[in-house]
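Chain identifiers are assigned alphabetically (A, B, ...) following the order of the sequence lines, protein sequences preceding nucleic acid strands; residue numbering begins at 1 within each chain. Just so you know, these numbers use all the heavy atoms, side chains as well, and skip hydrogens, waters and symmetry mates.
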2 protein chains.
Amino acid sequence: MRDTSGLTRESAAERHAISADLIAVLVAAPNGNPVVLTVKDGSALPSGPFELIHRSLQSGLRNWVEQQTGHPVGYIEQLYTFADRDRGSDEPAGRVISISYLGLTREEPSHRTPPGSWRNWYEFFPWEDHRAGAPEIIRDIIVPRLRQWADEAEQQDTRQNRLRRAAAAFGFDDRHWNEEMVLQRYELLYEAGLVDEAVRAAGAKIAATVPGKAMSGDHRRILATGIGRLRTKIKYRPVVFELMQPSFTLLQLQRAVEALAGVAVHKQNFRRLIEQQDLVEETGEMSADTGGRPAKLFRFRHAVLDDRPVAGTK
Amino acid sequence: MRDTSGLTRESAAERHAISADLIAVLVAAPNGNPVVLTVKDGSALPSGPFELIHRSLQSGLRNWVEQQTGHPVGYIEQLYTFADRDRGSDEPAGRVISISYLGLTREEPSHRTPPGSWRNWYEFFPWEDHRAGAPEIIRDIIVPRLRQWADEAEQQDTRQNRLRRAAAAFGFDDRHWNEEMVLQRYELLYEAGLVDEAVRAAGAKIAATVPGKAMSGDHRRILATGIGRLRTKIKYRPVVFELMQPSFTLLQLQRAVEALAGVAVHKQNFRRLIEQQDLVEETGEMSADTGGRPAKLFRFRHAVLDDRPVAGTK
DNA sequence: CCTTATTATGCTCTAGTTGAGTATAATAAG
DNA sequence: CTTATTATACTCAACTAGAGCATAATAAGG
């Protein structure tokens, strides 16, 4: 390290050929439906410039989202920052740094977003919904295509490596499905040329891609990052409650968790876990519209946040 | 959302009044000593501008660190991006976005860094080292000061809240010490005005702060973020091995984990965990210089990375 | 009224994991 | 040959997680 400050001065022009964008993965789960806020007919995530008036990145995003959706954003978390070249053709000389955030909110009829803005996120990742067992698309389309991709490799160890990675990601050959590996799965499909974004990047014309709506830029990758992060997070932080109404039944809570995690959970064990962790307390009221035996209504015990380092909903 | 693109165009000048810096938390653990790379006599983390020639943020940082330290960086992970106002007085009109990274490397005598660059990170956070039990500074200095700070609050529930947060963070009043809450502890001390950075920010003169070396800017906060992230990460990803020599004894591995986590671990259980996870394999050789019975030497089984979603060293 | 479907809720059983400890082996130093 | 130090094998109790059984309370359809 010659210059221990690590700083080398450039011309102001060069240093300033940079602009910053904020990108939001805004999630809600009305009636156990996992949805994400999109723009342009579901082909992009909402994004906007980071402006000088914003106090900080997070507060900029928060204001901006609350202004546009009319809903308070409960939980907000930074996802990832990237600055690859060739992003945006209207900035030939400069460079855009994109800072993405994950936010949770309650989507209600009173919201101010145009219809169609909220999309079920499994439109973009049909292979991620295992609530009713592994989707057929995996066995019928994805696995065969990935095997083929592995076979195409010249070297034997590349073949083996591809196959191992594919099996680990998609849970075949005796592997278990790990719902958190959302990003790894998307990136594997991208690498194998099986998503439209990869075809687009390669400039190819013929595309035998896997089902699942594409997005512009790398927005689908960002969404995958957000879903993966959320699936990890709900296990050790009580963030699901940001998606719930003030009072809810345990089944509604379970449905929300299942919507995010994309897997079904054991009902009795779920209740045991939630109750023994003191995450909720009874409101004293009952819900009549369950279809069966009426359920107790619960509310989130906000006090736990101050208490011990509270766990989530494993 | 009126403008569904989310983009509002500003003048080019306004959009470009931004520059980006990369900040590195570069960690090593020679002989079970947790060290971090610093500059300016330990008062800052190394940082450098993000330049247009860099292919991406991560590759920019990687090149830059390997060039300056002479060591390959194994694991690298983005930490956090922030852009608060009033950072750097030489950029009156513009704004700096700082993107921080956590990197792991092996520090060896052959490195190219000037002496004194690598600092034991407990110089900055003396309250974080619980390897030989809770340090006295917590009981003698921190807890009394925090109690006093809680008492100073006007309202009763603010007092209670402060006390609860302090107890949860520092593990008093029957609470357990949670080694991962590095950032929360630093931020609590900051809020209570007990670290030099807080005194500096408030422009106060008299400072009855807690021991622990301060850093410039918010570098100490970034370091706290990095340590916290690392302490979380070693539990579910085998990242410690990035800090180890190619072959090592299980005690050396344990010492590295303890250095990072800041707590002592049960030797027999540690071995059981490592071995039953197939994280390592015997080299067939023995280490003579253990001081007692010779120990088997092990190496990391790189194959596990392709295998299942491998766990770390709980 | 009675049957069936549906949801809620309480309880048990087993396997696995975790935290802590005991016991013994192999070396060096004095 | 004793002591200190480290390595390594094994045990035990407490707790956790996954799965299933049993029963309760409601609505809808005959």
### Residue whose nearest DNA chain D nucleotide is more 5′ - A:M286 or B:E275
B:E275
### Query
Given that both distances must come in under 3.5 Å, which nucleotide forms a Watson-Crick or G-U wobble pair with D:dA28?
C:dT3
### Message
Side-chain N or O of A:K267 versus OP1/OP2 of C:dT7: is the shortest distance under 4.0 Å?
### Response
no
### A:I274 CD1 - C:dG10 P separation (whole Å)
15 Å
### Message
Without decimals, in angstroms, what is the distance between B:E282 CD and D:dT8 C1'?
### Response
11 Å
### Message
Is there a side-chain contact between A:W127 and A:F125 in this structure, where contact means two heavy atoms from C-beta onward sitting under 4.5 Å apart?
### Response
yes
### Query
Expressed in angstrom and rounded to an integer, what is the separation of B:L297 atom CG from D:dA7 atom P?
11 Å
### Task
Flag the pair B:K296 and B:E282 as a salt bridge only when some basic side-chain nitrogen lies within less than 4.0 angstrom of an acidic carboxylate oxygen.
yes
### Query
Quick one: which of C:dA20, C:dG10, D:dT8 gets closest to the side chain of B:N269?
C:dA20
### Query
Can you find an N or O donor on one side and an acceptor on the other, under 3.5 Å apart, linking the side chain of B:Q268 with the base of C:dT22?
yes
### Message
Could you check whether the side chain of B:R272 and the base of C:dG19 have a donor-acceptor pair of N or O atoms closer than 3.5 Å, going by distance alone?
### Response
yes
### Message
Using OP1 and OP2 only, check whether a side-chain N or O of B:R293 sits under 4.0 Å from C:dA25.
### Response
no
### Task
Mind calculating the distance between CD (A:Q252) and C1' (C:dT7) to the nearest angstrom?
12 Å
### Message
Salt bridge check, A:K233 against A:E77: does any charged N sit closer than 4.0 Å to a carboxylate O?
### Response
yes
### Query
Which is true for A:L251 with a 4.0 Å heavy-atom rule: it touches a base, it touches only sugar-phosphate, or it touches nothing?
sugar-phosphate
### Pair A:R145 + A:D140: basic N to acidic O under 4.0 Å
no
## Note on the structure
Rounded to whole Å, the NZ-C1' distance (B:K235 to C:dT17) equals 16 Å
### Task
Can you tell me the distance, in whole Å, between the CD atom of B:E258 and the P atom of D:dT6?
12 Å
#### Entry: Residue among B:K235, B:R185, B:R229, B:R231 satisfying salt bridge (charged side-chain N to carboxylate O under 4.0 Å, His left out) with B:E180
B:K235
### Query
Rounded to whole angstrom units, what separation is found between the CZ atom of B:F270 and the C1' atom of C:dT18?
15 Å
### Task
Assign each of A:G292 and B:P294 to its nearest nucleotide of DNA chain D by heavy atoms, then name whichever residue's nucleotide is nearer the 5' end.
B:P294
### Query
Can you tell me how far C1' of C:dT7 sits from CD of A:Q254, to the nearest Å?
11 Å
